[in-house]
Amino acid sequence: MKKLDFFDRTEQESNKKLQRRTFLSYLGFAAAGATSFLGWKWLNRQPIDNGALQPLRSTLETNEKILTSTFSEHHLVKTYPVEKAVKNVRINSLIGLQEDIDETAWRLIVRKGDGSTIPVSLDVIKKLPKKEIVYDFKCVEGWSQIQHWAGVPLRDFIVALGLQSQTKMKYIGMQTPDQRYYIGLDMPSALHPQTMLCYEMNGQPLIYQHGRPLRLIIPVKYGIKNLKNIGEIFFTNSKPRDYWMERGYDYYAGL
Ligand SMILES: Nc1nc2c(c(=O)[nH]1)N[C@H]1C(S)=C(S)[C@@H](COP(=O)(O)O)O[C@H]1N2
Ligand SMILES: [Mo]
């Protein structure tokens, strides 16, 4: 049984890390919970801000900060042996996908903070060291599947392009070429070692329904953030718009 250990760690080790991470975020929520319980009466007299009572809104923001700061690259999502990967990968939603992409003419647009752009061909991306991952992909609609993906870790791609200085910015945004589907990522999640630009699934080039020629696989987030058919990647300090956040889902959308 060949285990695809993309991260050179035992499963046991990563499970321990997972437990620690869960515990830390639990602590954050417990502390926030106690605060809102004790202050309940006072809370009810407070003004409304952004749809949530103002103090509650800041608690939500504090929770987001706690989650972001306890989050580090050492908290790896659990991986599986390749035989566990499903053969029939679910196709979920097709916003912004294109059936007829000419892969030789195709370019990924990388936009730096100053607005300048770098067009990158698929060939260049495929020449970077390829990594694989087998993990449990989770959709917010309540289904999950163990899936097998391959491509280049986003942070290796950034380093290969010499764009390390751009990672001092707060966010990375991505969108489809037609801009119909778009996502925003906090920088730590974007730079997580399991976050990848993928061009293969189950050892085969992607079909367009799964995001050909290039899609994002970001195991620390729900499916909604795993943008298919990436047209542009940009670095920014202002929160990029996000398709599902605009429709009521949590911006962070972390697991
Ligand atoms: N361009 C694009 N990317 C997308 C979506 C989409 O509709 N369009 N749906 C998202 C959602 S909600 C999920 S669960 C996953 C599904 O990926 P799959 O169809 O390859 O299983 O893609 C995500 N990325
Ligand atoms: Mo989803």
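Both counts, for ligands and for their atoms, begin at 1 and track the order of listing.
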> What are the atoms of ligand 1, with element, lying closer than 4.0 Å to any heavy atom of Ile91?
Replying inline: 19 (O)
> Which residue owns the protein heavy atom closest to atom 10 (C) of ligand 1, what's the atom, and how far is it?
Replying inline: Tyr181 OH, 3.4 Å
>> Could you tell me, atom by atom, which parts of ligand 1 come under 4.0 Å of a heavy atom of Arg90?
In response: 18 (P), 19 (O), 21 (O)
>> As an exercise, identify every atom of ligand 1 less than 4.0 angstrom from a heavy atom of Cys139.
In response: 14 (S)
>> So if I count the atoms of ligand 1 from 1 in the order they appear, which ones are less than 4.0 Å from some heavy atom of Thr176?
In response: 1 (N)
> Closest non-hydrogen protein atom to atom 12 (S) of ligand 1, residue and atom name please, with distance?
Replying inline: Ile224 CG2, 3.6 Å
>> Does ligand 1 come near enough to Gln147 that some N or O of the ligand is less than 3.5 Å from an N or O of the residue?
In response: no
> What is the minimum heavy-atom distance between Lys225 and Ala253, and which atoms define it?
Replying inline: CE-CB, 3.9 Å
> Among Lys228, Met174, Glu141, which one has a heavy atom closest to atom 22 (O) of ligand 1?
Replying inline: Lys228
>> Using the rule side chain to side chain contact (heavy atoms under 4.5 Å, CB included), only one of Ile172, Leu216, Ile217, Ile133 pairs with Thr195; which is it?
In response: Leu216
>> Checking a contact table here: which protein heavy atom is nearest atom 24 (N) of ligand 1, and how many Å away?
In response: Asn226 O, 2.9 Å
> Relative to atom 1 (N) of ligand 1, which among Asn229, Ile95, Ile183, Leu227 owns the nearest non-hydrogen atom?
Replying inline: Ile95
> Testing Arg212, Lys131, Lys130 for salt bridge (charged side-chain N to carboxylate O under 4.0 Å, His left out) with Glu200, which one passes?
Replying inline: Lys130
>> I need the nearest protein heavy-atom contact for atom 7 (O) of ligand 1: residue, atom name and distance, please.
In response: Ser93 OG, 2.4 Å
> Which bit of Leu97 is near ligand 1, meaning a heavy atom under 4.0 Å away: side chain, backbone, both or neither?
Replying inline: side chain
>> Just to confirm my output: which protein heavy-atom neighbour is closest to atom 17 (O) of ligand 1, and how far is it?
In response: Arg215 NH2, 3.4 Å
> Going by atom types only, do Glu246 and Trp244 share a side-chain donor-acceptor pair under 3.5 Å?
Replying inline: no
> Does ligand 1 have an atom under 4.0 Å from some heavy atom of Tyr243?
Replying inline: no
> Which residue holds the protein heavy atom closest to atom 23 (C) of ligand 1, what is that atom called, and what is the gap in Å?
Replying inline: Gly223 O, 3.3 Å
> Counting each atom of ligand 1 from 1 as listed, which ones have a heavy atom of Leu94 under 4.0 Å away?
Replying inline: 7 (O)
> Heavy atom under 4.0 Å from ligand 1: found in Tyr222's side chain, backbone, both, or neither?
Replying inline: neither
